Amino acid sequence: MRLWGPRSLGVALGVFMTIGFALQLWGGPFQRRLPGLQLRQSWASTPRPAVPSCLPRQRLVFLKTHKSGSSSVLSLLHRYGDRHGLRFALPARYQFGYPKLFQASRVKGYRPQGGGTQPPFHILCHHMRFNLKEVLQVMPSDSFFFSIVRDPAALARSAFSYYKSTSSAFRKSPSLAAFLDNPRAFYQPGARGDHYARNLLWFDFGLPFPPEMRTKRGNPHPPRDPNPPQLPSGVGARALTLDPNALFHPIPTVADGHSQTSSSASLDLGSSSFIQWNLAWLDSVFDLVLVAEYFDESLVLLADALCWGLDDVVGFMHNAQAGGGQGGSAVGDGGLTAEDRQLSARARAWNNLDWALYVHFNRSLWARIKQYGQSRLDSAVAALRARREALAKHCLVGGEALDPKYITDRRFRPFQFGSGKVLGYVLRSGLSLQDQEECGRLATPELQYKDKLDAKQFPPAVSVPLKTSRLPSP
Ligand SMILES: Nc1ncnc2c1ncn2[C@@H]1O[C@H](COP(=O)(O)OS(=O)(=O)O)[C@@H](OP(=O)(O)O)[C@H]1O
């Protein structure tokens with residue numbers, strides 16, 4: 001029996017060739033990773049040159065700040081490192097001794113120089129309180145240093161919900177509004193977990209605090225370097241200044257005896273040399289600081305700076321709390337009630353150092369966007385969003401983040417902490433094996449992914465059972 005006549009064979013061949021050609025056209029680089037997906041948009045408006053003009057950067061230091069969208073960034077670093085077989089500098093558990101300053105000895109498998117050869121680390125990216133001197137014991141000074149900031153108003157909302165029972169200040173106060181109405185009634189510098197309640201970004205960046213903000217029970221913040229480094233004029237000079245033995249802390253705090261009132265308004269953001277010094281120091285250390293409110297714009301700049309493809313930075317939002325900011329409130333506060341606007345203003349005033357940090361890096365981001373080109377950025381952001389949407393539709397039940405009650409597979413259930421529910425993802429059934437793997441990577445929460453990388457990097461020693469019968473008799 002003949003199944004195919006010459007006519008039907010010709011038609012079939014034509015159909016296959018058309019599909020194949022369309023896949024070539026539409027698939028782009030992502031097609032190779034997710035063969036089940038047919039994506040129409042190419043990443044860039046201009047085709048990529050056959051020989052790239054830059055080498056992808058693979059030595060990275062990401063300062064994972066709290067409640068700022070950092071888990072979404074971690075997700076893409078985990079995936080990139082996993083795919084390329086890079087070595088992560090990992091903590092024993094999930095953080096590097098936080099809230100203490102980072103110490104190199106906290107890195108699994110770290111051996112001090114002279115302590116034997118070890119393959120170098122590529123990526124350092126888990127929660128820490130930044131401490132450059134020690135970071136440079138682990139990572140080369142020409143690594144790409146980056147971080148992320150978020151509007152302190154959105155961050156305060158997120159932190160209040162998440163750290164309600166961890167920070168003594170938050171625990172004592174019935175609501176964020178009540179807290180911000182009179183923070184000093186609840187907040188005691190140095191009390192347990194109270195770094196979560198004020199200037200958390202500043203704290204995470206490892207910066208010193210001005211005298212009136214220091215704890216009365218001893219300064220939890222770094223002691224001042226008696227010989228603070230001079231910033232060279234023209235920043236971006238990490239390679240020149242990052243001698244780990246010379247640099248301890250960015251700048252002196254406000255000089256002793258300098259009288260400052262304890263009012264949060266006393267640090268004038270425009271003129272405070274204290275703040276400006278610290279920001280200039282950060283500029284000299286960090287190559288890029290992302291802004292949560294402009295997450296996708298930030299990702300495009302990140303991909304550009306790292307010489308990565310946009311497909312390397314596409315991913316899903318992680319660690320969002322149900323009913324939370326979910327993307328953060330835009331700085332413009334559009335659509336907020338008068339009460340919400342007042343709360344935001346109070347949060348920014350209370351977190352005045354973070355606000356200065358945020359304003360500074362928001363400005364730098366937009367200066368970079370201008371350099372990159374607004375319309376070029378717009379099309380890259382549109383492509384990134386289209387790709388994310390296609391991935392979400394293809395990979396996820398409901399195409400979006402879900403309440404944890406629906407997530408029964410422990411590999412994908414995010415760690416639940418705080419007073420809100422942390423959302424996560426459920427994979428669609430019927431995915432091909434390869435898509436299960438890729439979609440699984442995108443959906444895996446940070447703790448599970450860290451465990452997976454840990455197991456890959458430190459495989460459990462295989463214990464060979466002793467065959468006593470073969471042991472030589474004594
Ligand atoms: N892509 C993107 N853009 C903007 N905002 C984002 C993004 N991804 C996560 N988020 C929000 O960031 C909050 C979680 O931050 P982190 O992951 O840094 O938290 S943690 O410190 O690691 O627990 C959490 O905020 P809340 O939902 O307000 O709590 C997330 O919704």
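Order of listing sets the numbers, starting from 1, for every ligand and every atom in it. Side chains are part of it too, since the values below use all heavy atoms of this structure and drop only hydrogens, waters and symmetry mates. Computed from a predicted model, the values in this text were never measured in an experiment. The first residue in the sequence is number 1, and the count goes up from there.
- Contacts between Arg157 and ligand 1 below 4.0 angstrom, taking non-hydrogen atoms only, are absent altogether.
- With distances taken over non-hydrogen atoms, the option nearest atom 8 (N) of ligand 1 out of Ser161, Ser298, Ser72 is Ser72.
- Residue contact check: Thr65 has heavy atoms under 4.0 Å from atoms 18 (O) of ligand 1.
- Put simply, NE2 on His66 and OG on Ser158 are 11.0 Å apart, with the number rounded to the nearest 0.5 Å.
- At a 4.0 Å cut-off, at least one heavy atom of Lys67 sits close enough to ligand 1 to count as contact.
- Residues His195 and Tyr98 place their aromatic rings such that the two centres sit under 6.0 Å apart.
- Results of the salt bridge (charged side-chain N to carboxylate O under 4.0 Å, His left out) test with Asp312 over Arg387, Arg57, Arg79, Arg83 single out Arg83 as the only residue that passes.
- Donor-acceptor pairing under 3.5 Å is lacking for the side chains of Tyr425 and Asp409.
- Listed by number with element, the atoms of ligand 1 under 4.0 angstrom from any heavy atom of Ser158 are 25 (O), 26 (P), 28 (O), 29 (O).
- Interface atoms of ligand 1 facing Ala292, defined by a heavy-atom separation under 4.0 Å, are 3 (N), 4 (C).
- Of the residues Phe205, Trp281, Phe144, Phe361, the one that meets the ring-ring contact (aromatic ring centres under 6.0 Å, His included) test with Phe286 is Phe205.
- Summarising the contacts of atom 25 (O) of ligand 1 with His127, Arg150, Arg388, the nearest heavy atom is found in Arg150.
- Exactly one of Phe179, Tyr162, Phe186, Tyr196 qualifies for a ring-ring contact (aromatic ring centres under 6.0 Å, His included) with Phe170. That residue is Phe179.
- Between the side chains of Ser344 and Arg157, at least one donor N or O sits under 3.5 Å from an acceptor N or O.
- For Asp296, the heavy-atom gap to ligand 1 stays at 4.0 angstrom or more.
- By the 3.5 Å distance cut-off applied to N or O atoms, Gly69 is counted among the residues near ligand 1.
- Of the listed options Ala322, Ala154, Ala320, Pro445, Ala320 places a heavy atom closest to atom 31 (O) of ligand 1.
- Applying the 4.0 Å criterion to heavy atoms of Phe295 picks out, from ligand 1, the atoms 1 (N), 2 (C), 3 (N).
- Judged by distance alone, the side chains of Ser71 and Asn319 do bring a donor and an acceptor atom under 3.5 Å apart.
- Near Ser71, the atoms of ligand 1 lying under 4.0 angstrom from a non-hydrogen atom of the residue are 16 (P), 17 (O), 18 (O), 22 (O).
- Phe88 and Phe121 have their aromatic ring centers separated by at least 6.0 angstrom.
- Near Glu446, the atoms of ligand 1 lying under 4.0 angstrom from a non-hydrogen atom of the residue are 22 (O).
- Considering backbone and side-chain atoms together, His66 places no N or O closer than 3.5 Å to any N or O of ligand 1.
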